[in-house]
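Only one structure is covered here, and it is reproduced in the block below.
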Amino acid sequence: MSIAPLARQFFDRPVLELARALIGVGLFVDGVGGTIVETEAYDAADPASHSFAGPTARNRAMFGPAGHAYVYRSYGIHWCFNLVAQPGSAVLIRALAPLAGLELMAQRRGVSEARLLCSGPGRLTQALGIDKSHDGLPLDAPPFRLVPGEAMGKVVSGPRIGITRNAEAPWRFGLSGSPHVSRRLR
DNA sequence: ACATCGATGTACT
DNA sequence: GTACATCGATGTC
């Protein structure tokens, strides 16, 4: 028997709550993926968020229904993958503990160490093969598969990475002690 | 351990 | 022209 995927309802809630609840959730693209161990929350009232200035061609998916993907290009090089929550808000997936498809991940990433496969938002999109073609797609249908997490360790929070505006807000969440987070939390 | 820098698409001034 | 939700390489302590 297979595990039931996360329902659309799971994503339709305040983004800070969702960002915390996503730690421990399984994320797979065409069967390749692992357990979410690090997230960041963004919403329309937050100056650091792409949605802050209202809808644009790039951020359109952030204003669409909950439970869809928002994918954008970062620094001209990487793709970043978000899960849309309530309108104008989304959760950036920053790191996974790899579980399935390690060989394909290593091939796509050009590295073999497990720690370097999915520990960072740009790294994990490369490892899972996520790009612009996934922008706006629903998360409860192929190629995506999101499954509820088992009981995990303690979830801790701290400031987000790589932003300048509203930089103090402790809206990054991570699994305490995980070797797979992009940067340690306290 | 930390600091700096290059690569470079997209949004915005 | 400048900033940016990044990464990897290189240089220094």
Side-chain angles (χ1 to χ4, degrees), chain A residues 11 14-23 25 27 29 34 36-64 66 68-98 105-137 139 155-175 178-186:
Chain A
F11 303 92
V15 70
L16 288 177
E17 185 187 320
L18 178 62
R20 179 176 285 272
L22 283 167
I23 302 299
V25 164
L27 166 64
V29 178
I36 296 172
V37 295
E38 185 183 353
T39 62
E40 284 180 359
Y42 292 86
D43 73 51
D46 169 21
S49 175
H50 289 173
S51 58
F52 183 64
T56 65
R58 176 177 66 161
N59 68 21
R60 176 171 40 85
M62 278 189 85
F63 293 92
H68 287 235
Y70 166 46
V71 181
Y72 69 92
R73 202 185 272 282
S74 175
Y75 288 92
I77 300 177
H78 309 284
W79 297 104
C80 286
F81 175 66
N82 298 253
L83 310 184
V84 177
Q86 289 172 339
S89 66
V91 177
L92 172 68
I93 307 302
R94 288 194 55 90
L96 308 179
M105 289 186 193
Q107 186 180 321
R108 288 166 168 165
R109 291 274 302 114
V111 298
S112 52
E113 303 113 284
R115 243 229 81 235
L116 296 177
L117 294 179
C118 298
S119 58
R123 288 169 174 170
L124 81 86
T125 55
Q126 186 178 27
L128 270 58
I130 294 171
D131 61 25
K132 186 70 177 172
S133 72
H134 298 91
D135 187 38
L137 295 185
L139 299 166
V155 176
V156 290
S157 65
R160 294 170 292 180
I161 306 288
I163 58 170
T164 56
R165 291 172 297 181
N166 201 10
E168 330 75 38
W171 295 345
R172 180 166 75 115
F173 298 89
L175 180 62
S178 171
H180 297 287
V181 297
S182 65
R183 279 159 70 164
R184 287 287 169 143
L185 290 129
R186 311 187 313 167

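Reminder, nothing fancy here: chain letters follow the sequence lines and each chain counts from 1. In this text the structure is predicted, and so the values were computed from the model without any measurement.
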Subject >> Distance, P atom - from dT2(C) to dC5(B), rounded to whole angstrom >> reply: 16 Å

Original post:
How close or far is atom P of dT10(B) from atom CZ of Arg60(A), stated in whole angstroms?
Top reply: 14 Å

**OP:** Find the distance Phe81(A):CZ to dT6(C):P and express it as a whole number of Å.
**Re:** 16 Å

Subject >> Donor-acceptor contact below 3.5 Å, side chain Thr125(A) vs main chain Phe81(A) >> reply: no

**OP:** To the nearest Å, give me how far apart CG (Asn59(A)) and P (dA5(C)) are.
**Re:** 13 Å

**OP:** For Arg58(A), answer base if it contacts any base atom (sugar-phosphate contacts may also be present), sugar-phosphate if it contacts only those atoms, and nothing otherwise; contact means non-hydrogen atoms under 4.0 Å.
**Re:** sugar-phosphate

Original post:
Rounded to whole angstroms, how far apart are CZ on Arg183(A) and C1' on dT6(C)?
Top reply: 11 Å

Subject >> Atom-pair distance (CG on Leu117(A); P on dC7(C)), nearest Å >> reply: 13 Å

**OP:** Between Arg109(A) and Ile161(A), name the one whose nearest nucleotide on DNA chain C is closer to the 5' end.
**Re:** Ile161(A)

Original post:
Say you pick atom P in dT13(B) and the same atom in dA5(C); how far apart are they, in whole Å?
Top reply: 14 Å

Original post:
OP1, OP2 of dC4(C) versus side-chain N and O of Arg73(A): anything below 4.0 Å?
Top reply: no

Original post:
Arg160(A) side chain to Arg172(A) main-chain N or O, any donor-acceptor pair under 3.5 Å?
Top reply: no

Original post:
With no hydrogens and no angle check, is any side-chain donor or acceptor of His68(A) less than 3.5 Å from a backbone partner on Gly136(A)?
Top reply: yes

**OP:** Tell which nucleotide pairs with dA5(C), taking only Watson-Crick or G-U wobble pairs whose two distances are both under 3.5 angstrom.
**Re:** none

Original post:
Heavy atoms under 4.0 Å, any strand shown: does Ser182(A) hit a base, just sugar-phosphate, or nothing?
Top reply: nothing

**OP:** With heavy atoms under 4.0 Å as the rule, sort Ile163(A) into base, sugar-phosphate or nothing.
**Re:** sugar-phosphate

Original post:
Between dC4(C), dG8(C), dA7(B), which one does the side chain of Thr164(A) approach most closely?
Top reply: dC4(C)

Subject >> Separation of dA5(C) C1' from Phe173(A) CZ (nearest whole Å) >> reply: 15 Å

Subject >> Asp135(A) to Tyr70(A) - nearest heavy-atom pair and separation >> reply: OD1-CA, 3.4 Å

**OP:** Mark yes or no for a side-chain to base donor-acceptor pair under 3.5 Å between Tyr75(A) and dA7(B), with no hydrogen or angle criteria applied.
**Re:** no

Subject >> Which nucleotide in dA7(B), dG8(C), dA5(C) has an atom nearest any side-chain atom of Arg123(A) >> reply: dG8(C)

Original post:
Where the side chain of Arg186(A) meets the backbone of Gly158(A), is there a donor-acceptor pair that is under 3.5 Å apart?
Top reply: no

Original post:
Does OP1 or OP2 of dA5(C) have a side-chain N or O of His50(A) closer than 4.0 Å?
Top reply: yes

Subject >> Integer-rounded Å distance: dT6(C) P and Ile130(A) CD1 >> reply: 16 Å

Original post:
Between dG8(C), dC4(C), dT6(C), which nucleotide has the shortest distance from any of its atoms to the side chain of His78(A)?
Top reply: dT6(C)

Original post:
Does Glu40(A) use its side chain to pair, donor to acceptor, with the backbone of Arg94(A) at less than 3.5 Å?
Top reply: no

**OP:** Using atom CD1 of Ile93(A) as one end and atom C1' of dA5(C) as the other, report the distance to the nearest whole Å.
**Re:** 12 Å

